[in-house]
Amino acid sequence: MYTQEIINDFIIRIPKAELHMHLEGSIEPKMMFKLAERNKIKLRWESPEALREAYHFNNLQSFLDLLFEGCNVLRTEQDFYDVTEAYLNRVKLDGVRHAEAFIGPQSFLQNGVPIDVVMNGVIQALKDAEKTTGITTGFLISAHRHRTEAAAFELLELIMPWRDQLVGLGMGGAEVGNPPSKFQQYFKECHARGFNLTIHAGEEGPTEYVREAINLLGVDRIDHGNTAMRDPELLQQLSDKQIALTMCPVSNLLLNVITDLSEHPLRIMLQKNIPVTINSDDPSYFNAYVAENWIQSQMKLSLTFEEMIQLAKNSFQGSFLPLPRKAQYITEIENFCLDFFRRDIRAN
Ligand code: ADE
Ligand code: ZN
């Protein structure tokens, strides 16, 4: 009864939050060249098209190598501002009403970029774009798990002056061999300082890492969480505690976490009452912003309207927004659906 065109229109327009994206993973090839030119940095590709062609990955590490290389072009406050602004302007077109965005300052500090350049550039852009786009935002700092716990503690001290501008802290980077347990003291300290917490777990790493993230670190949500699928008890725990998973289907496909989107665990998890959400991770590198992740997932997993409405609600419920704001956005979803299906009845 519904054509794919109508389903896609529904997906693009339903109010949604994006909870798992890395600003450094949203630099489009054209922007990469613009920033490289501005900062007199020579890229090893001839053109934005050639750079886009290089976006083929075998696994997480091969992607991270390119991601960190790309971080080299960000040098000034204006650079961080431009990348953040471009992302928010783009996802406005995807029906995003709230975005929580990561940046990993360690990638820039190692190039000699001072922390205030990173923080002030992003924060100013988030503030300005909230006004121009109407999207509410949350800023998340991500520490690298392939570095030491001492390095994470150093980063924590560096960002404390911006504490009130942050919505939470996370952790990404090379997963296998760097379990959550490596950062137990760090997360304890972040928790003591009152931060909302999340960590990438169960993307390439084993089920055990998801269990550690919940039981040892006490995080509020999990980024990815795919390998929890292998453990029924853990699935029950995620459902009982209503711990949101910020899943990234196209990222998983392109990093060979799965071989086809039809294998993605998100639908089964949704059916088990786990608060799953759909996100883009690194939209430029995977050539898919959040709505495209929804569309491809819907097609390959045959997601129903009911399931998509649940996904949209989960995206706000799983956010770090205050409760009344979450409730407002959920009402927005309900009003959107009333209007969408009323129009649809009239049209038939
Ligand atoms: N940093 C950016 N994207 C990431 C991912 N998918 N996993 C781990 N770290 C990341
Ligand atoms: Zn990520």
Side-chain angles (χ1 to χ4, degrees), residues 17-28 32 55-72 74 83-84 87 91 99-110 118 122 138-147 151-152 155 167-180 182-183 197-206 209-210 213 217 219-228 244-258 261 264-266 276-290 293 315 318:
E18 173 152 59
L19 305 180
H20 179 171
M21 70 76 56
H22 304 263
L23 289 167
E24 58 272 60
S26 72
I27 312 174
E28 290 290 334
M32 188 80 80
Y55 292 169
H56 294 286
F57 312 107
N58 302 318
N59 52 27
L60 175 58
Q61 189 60 56
S62 63
F63 157 70
L64 289 173
D65 291 344
L66 207 59
L67 177 78
F68 295 144
E69 184 177 351
C71 288
N72 207 23
L74 287 151
V83 167
T84 307
Y87 162 71
V91 295
E100 296 184 0
F102 286 112
I103 205 158
Q106 287 156 312
S107 301
F108 311 103
L109 293 168
Q110 72 171 33
V118 180
V122 173
F139 185 20
L140 296 160
I141 292 296
S142 178
H144 289 159
R145 70 195 314 148
H146 48 278
R147 297 178 194 256
L155 176 64
V167 77
L169 302 178
M171 180 165 275
E175 187 180 12
V176 174
N178 297 297
K182 178 177 161 187
F183 293 93
L197 299 173
T198 179
I199 186 171
H200 287 55
E203 180 185 15
E204 279 188 345
Y209 286 16
V210 183
L217 307 186
V219 293
D220 301 289
R221 65 185 189 221
I222 300 278
D223 298 313
H224 296 294
N226 299 51
T227 58
L245 301 184
T246 67
M247 306 195 98
C248 307
V250 175
S251 163
N252 294 155
L253 179 67
L254 298 185
L255 299 186
N256 288 319
V257 168
I258 50 175
L261 275 180
H264 200 281
L266 83 87
V276 171
T277 66
I278 293 183
N279 306 274
S280 68
D281 209 4
D282 301 280
S284 163
Y285 287 85
F286 306 136
N287 207 12
Y289 283 79
V290 64
N293 272 268
S315 72

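What you are looking at is a predicted structure, and each value in this text was computed from that prediction instead of being measured. Starting from 1, each residue takes its place in the sequence as its number. FYI, side chains are in, hydrogens and waters are out, and symmetry mates aren't considered; it's all heavy atoms of this structure. As the structure lists them, so they are numbered: ligands from 1, and atoms in each ligand from 1.
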Item to check | ligand 1-proximal atoms of F63, by part, heavy-atom distance under 4.0 Å | outcome: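 For F63, the contact with ligand 1 is made by the side chain alone.
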Checklist entry - Are the side chains of R145 and P180 in touch, meaning some heavy atoms are under 4.5 Å apart? => result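 Yes - at least one pair of side-chain heavy atoms lies under 4.5 Å apart.
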Item to check | Part of H224 with heavy atoms under 4.0 Å of ligand 1, whether side chain, backbone, both or neither | outcome: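 The side chain, only.
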Item to check | Per-residue contact class, L60 against ligand 1 - non-hydrogen pairs under 4.0 Å | outcome: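 Only the side chain of L60 comes within reach of ligand 1.
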Item to check | Residue, atom name and distance, where the atom is the protein heavy atom closest to atom 6 (N) of ligand 1 | outcome: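 Result for atom 6 (N) of ligand 1: D281 OD2, 2.6 Å.
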Checklist entry - Can you give the angle H20 NE2 - the Zn ion (ligand 2) - H22 NE2, rounded to 10°? => result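 Nearest ten degrees: 110°.
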Next on the checklist: Below 30° counts as parallel, above 60° as perpendicular, anything between as tilted: where do the rings of F63 and Y285 land?
Outcome noted: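 Perpendicular: the ring planes of F63 and Y285 meet at over 60°.
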Checklist entry - Under a 4.5 Å cut-off applied to non-hydrogen side-chain atoms, are H144 and Q110 in contact? => result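 No. Closest side-chain heavy atoms not under 4.5 Å.
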Next on the checklist: What protein heavy atom lies closest to atom 9 (N) of ligand 1? Include the residue and the distance to one decimal.
Outcome noted: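 The protein heavy atom lying closest is G173 N, 2.8 Å.
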Item to check | Top protein contact for atom 7 (N) of ligand 1, by heavy-atom distance | outcome: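 Result for atom 7 (N) of ligand 1: E203 OE1, 2.7 Å.
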Next on the checklist: Among all the protein's non-hydrogen atoms, which is closest to atom 1 (N) of ligand 1, and how far away is it?
Outcome noted: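 Nearest protein contact, heavy atoms only, for atom 1 (N) of ligand 1 is H22 CE1, 3.5 Å.
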Checklist entry - Would you say N256 and N59 make side-chain contact, with heavy atoms under 4.5 Å? => result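 A side-chain contact under 4.5 Å is absent here.
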Next on the checklist: Please list, in number order, the atoms of ligand 1 under 4.0 Å from a heavy atom of G172.
Outcome noted: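 Answer, ordered by atom number: 9 (N).
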Checklist entry - Can you tell if the side chain of V83 reaches within under 4.5 Å of the side chain of E24, non-hydrogen atoms only? => result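 No, their side chains stay 4.5 Å or more apart.
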Checklist entry - Looking only at protein heavy atoms, which one is nearest to atom 3 (N) of ligand 1, and how far off is it? => result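 The protein heavy atom lying closest is D282 OD2, 2.7 Å.
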Checklist entry - For T84 and I103, what are the C-alpha separation, side-chain angles and deciding distance, and is it a side chain to side chain contact (heavy atoms under 4.5 Å, CB included)? => result CA-CA 10 Å; T84 307; I103 205 158; 5.9 Å; no
Checklist entry - Rounded to 10°, how many degrees is the angle NE2/H200-the Zn ion (ligand 2)-OD1/D281? => result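 With the Zn ion (ligand 2) as the vertex, the angle is close to 170°.
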Checklist entry - H200 and F102: ring-ring contact (aromatic ring centres under 6.0 Å, His included), yes or no, with the steps? => result CA-CA 12 Å; H200 287 55; F102 286 112; 5.8 Å; yes
Checklist entry - With under 30° as parallel and over 60° as perpendicular, where do the rings of F57 and F286 fit, or are they tilted in between? => result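 Answer is perpendicular, since the angle exceeds 60°.
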